[in-house]
Enquirer: 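Would you mind keeping the following structure in view while I ask a few things?
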Amino acid sequence: MSTNDSPEEPGGAGRPTEPPKSPEPPKSPEPQQAPESVRPPQSSEPPQAPQPAQPSPSAEPSEQVEEARAEEAPEQQEETGRQRLAAGLWPPRVSRAQLIVALLLFVLGLGLAIQVRSNSDSSALRGARQEDLVRILDELDGRTKRLEDEKQQLEDQRKELENSSNQAEEARKQTIEKERQLGILAGTVAAQGPGITLKITDPTGQVQSDQLLDTLQELRAAGAEAIQINGVRIVAGSYFSDENGGVAIDGKKITQPYEFRVIGKPQDLEPALNIPGGVVQTLEKEQATVAVTRSAKIVVDALRAAKQPDYARSSS
């Protein structure tokens with residue numbers, strides 16, 4: 001067996017061997033081409049912008065879609081609530097029962113307001129001391145007693161007229177006495193008797209006509225029979241007014257201090273002025289000074305001219 005012989009390939013026994021080929025020169029590397037499967041298709045049309053991927057109908061909504069719906073849902077609910085509220089308020093629907101309830105509430109509120117006002121009016125007496133309350137009760141008892149005495153006098157006069165043998169003379173005496181009493185009330189006759197003197201000093205000029213009128217009304221309610229203020233006789237038709245920074249009575253201006261001469265029972269007149277919340281406290285709040293003095297003899301000598309009525313005549 002020769003050494004130049006090549007071994008036989010299997011299955012090719014007896015096949016002659018090929019002579020070795022000469023080595024070929026190396027070739028320059030050619031650029032690798034992308035496989036046809038990944039090459040973009042060449043087209044004459046310009047490239048189009050990529051379209052966003054749309055979810056398929058069968059696909060579930062993404063998280064962003066759920067968040068958007070969640071944000072829109074409260075706004076829609078809030079708007080719906082406002083619409084319902086507006087529809088419920090307008091136009092107003094008032095039933096008969098609601099009208100009855102409203103009327104009952106109005107009557108109840110009015111009653112409460114009246115009750116509160118009455119309680120506030122009597123608050124001054126609630127805060128009064130026991131001595132003041134006793135004095136007020138004494139004043140009321142004094143008024144009642146005066147009315148009973150007047151009633152008794154009228155009954156005695158009636159009995160005297162009925163039992164007198166000379167009824168004409170008795171009637172004349174009673175007429176004269178009645179004329180004197182009416183002259184005192186009308187201011188045409190001077191009067192004297194027990195009473196008080198009330199002096200009001202107003203350095204700041206805060207006292208006005210309405211406060212003097214309240215003082216006069218309080219004195220009359222306490223049983224004053226004759227009153228004179230700074231030389232002006234007070235009668236049933238007297239009036240007060242503010243004039244040029246002062247006070248005028250029946251058109252006649254008076255200057256301070258204002259001095260009241262009052263004939264009546266001093267035990268009734270003075271307590272009536274000093275009750276809590278009364279005349280004295282009201283005037284003192286206006287920085288005025290009030291002095292009340294009792295006297296056994298008060299002279300009221302300012303007179304009024306008697307006026308003859310134009311049309312009224314006696315019917316007797």
Side-chain angles (χ1 to χ4, degrees), residues 135-158 160-161 171-200 209-240 247-252 254 257-275 278-280 282-283 290-309 312:
R135 187 166 52 188
I136 293 172
L137 291 176
D138 292 340
E139 179 185 351
L140 294 176
D141 293 340
R143 294 180 185 178
T144 304
K145 188 176 182 303
R146 288 196 304 271
L147 293 176
E148 291 178 353
D149 293 342
E150 184 177 356
K151 176 183 177 183
Q152 186 64 36
Q153 290 177 3
L154 294 175
E155 290 180 354
D156 293 342
Q157 291 177 4
R158 181 177 61 83
E160 289 178 359
L161 288 174
R172 187 182 66 82
K173 291 180 180 180
Q174 293 186 7
T175 302
I176 294 174
E177 181 64 21
K178 193 67 174 179
E179 180 183 3
R180 185 184 64 82
Q181 295 176 0
L182 293 177
I184 294 174
L185 298 177
T188 58
V189 179
Q192 65 178 11
I196 64 171
T197 300
L198 172 65
K199 190 174 183 180
I200 302 174
S209 60
D210 56 344
Q211 295 166 337
L212 295 181
L213 179 60
D214 293 339
T215 304
L216 174 63
Q217 297 294 351
E218 191 68 31
L219 291 171
R220 283 176 171 173
E225 298 177 353
I227 303 174
Q228 175 179 325
I229 304 176
N230 287 31
V232 179
R233 186 70 172 268
I234 303 300
V235 295
S238 296
Y239 62 92
F240 292 73
V247 178
I249 302 177
D250 297 337
K252 183 179 179 181
I254 60 176
Y258 307 116
E259 184 179 9
F260 288 69
R261 294 183 184 179
V262 186
I263 296 177
K265 188 176 181 181
Q267 294 80 0
D268 295 336
L269 297 175
E270 183 179 4
L273 299 175
N274 292 318
I275 61 174
V279 173
V280 174
T282 303
L283 293 174
V290 182
V292 181
T293 305
R294 296 188 185 186
S295 179
K297 182 179 180 181
I298 298 292
V299 178
V300 176
D301 53 2
L303 302 180
R304 288 280 187 136
K307 292 184 179 180
Q308 185 68 24

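The basis for the numbers below is simple: all heavy atoms, side chains too, and nothing from hydrogens, waters or symmetry mates. Source: prediction; values computed, not measured.
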Enquirer: Could you state the interatomic distance from OG1 (T215) to CG (L198), rounded to the nearest 0.5 Å?
Expert: 6.5 Å
Enquirer: Test L273 against V290 for side chain to side chain contact (heavy atoms under 4.5 Å, CB included), laying out the working first.
Expert: CA-CA 10 Å; L273 299 175; V290 182; over 6 Å; no
Enquirer: So, using salt bridge (Lys or Arg N to Asp or Glu O under 4.0 Å) as the criterion, who are the partners of D149 when residues are at least two apart?
Expert: K145
Enquirer: Nearest heavy-atom pair of F240 and I229: which atoms, and what distance?
Expert: CZ-CD1, 3.9 Å
Enquirer: Spell out, as yes or no, whether a donor-acceptor pair under 3.5 Å connects the side chain of Q192 to the backbone of K297.
Expert: no
Enquirer: With sequence neighbours excluded, what pairs up with T197 under the side chain to side chain contact (heavy atoms under 4.5 Å, CB included) test?
Expert: E259, I298
Enquirer: Indicate yes or no for a side-chain donor-acceptor contact from R233 to the backbone of A302 under 3.5 Å, with no hydrogens or angles considered.
Expert: yes
Enquirer: Is there side-chain contact between V280 and E218, with heavy atoms separated by less than 4.5 Å?
Expert: no
Enquirer: Just wondering, more than 12 heavy atoms not from E179 lying within 6.0 Å of its CD?
Expert: no
Enquirer: If you count the non-hydrogen atoms of other residues, nucleotides and ligands that lie under 6.0 Å from CD in E155, is the total more than 12?
Expert: yes
Enquirer: Please find the pair of heavy atoms, one from A226 and one from I184, that lie closest to each other, and give the distance.
Expert: CB-CG2, 4.3 Å
Enquirer: Can you name the side-chain hydrogen bond (donor to acceptor under 3.5 Å, both in side chains) partners of Q153, sequence neighbours left out?
Expert: none
Enquirer: Locate the shortest heavy-atom distance separating G264 from P266; write the atom from each residue and the value.
Expert: O-CD, 3.2 Å
Enquirer: Measure across I227 and A224 and return the closest heavy-atom pair with its distance rounded to 0.1 Å.
Expert: CD1-CB, 3.8 Å
Enquirer: Which value, rounded to the nearest 0.5 Å, describes the distance between I249 atom CD1 and N230 atom CG?
Expert: 7.0 Å
Enquirer: Begin from the C-alpha positions of E225 and V300 and carry the test side chain to side chain contact (heavy atoms under 4.5 Å, CB included) through to its verdict.
Expert: CA-CA 10 Å; E225 298 177 353; V300 176; over 6 Å; no
Enquirer: Which value, rounded to the nearest 0.5 Å, describes the distance between L219 atom CG and D268 atom CG?
Expert: 11.5 Å
Enquirer: Would you name the heavy atoms of V235 and L185 that are closest together and state the gap between them?
Expert: CG1-O, 4.0 Å
Enquirer: Would you sort out whether I196 and F260 count as a side chain to side chain contact (heavy atoms under 4.5 Å, CB included), showing the intermediate values?
Expert: CA-CA 8 Å; I196 64 171; F260 288 69; over 6 Å; no
Enquirer: Can you name the nearest heavy-atom pair linking I234 to R220, along with the distance?
Expert: CG2-NH2, 3.4 Å
Enquirer: Just by distance, do the side chain of R294 and the backbone of L269 share a donor-acceptor pair under 3.5 Å?
Expert: no
Enquirer: Roughly how far apart are I263 CD1 and Q228 CD, rounded to 0.5 Å?
Expert: 9.0 Å
Enquirer: Rounded at 0.5 Å granularity, tell me how far CG in L303 sits from OG1 in T188.
Expert: 7.5 Å
Enquirer: Out of curiosity, E148 CD to E150 CD, how far, rounded to the nearest 0.5 Å?
Expert: 11.5 Å
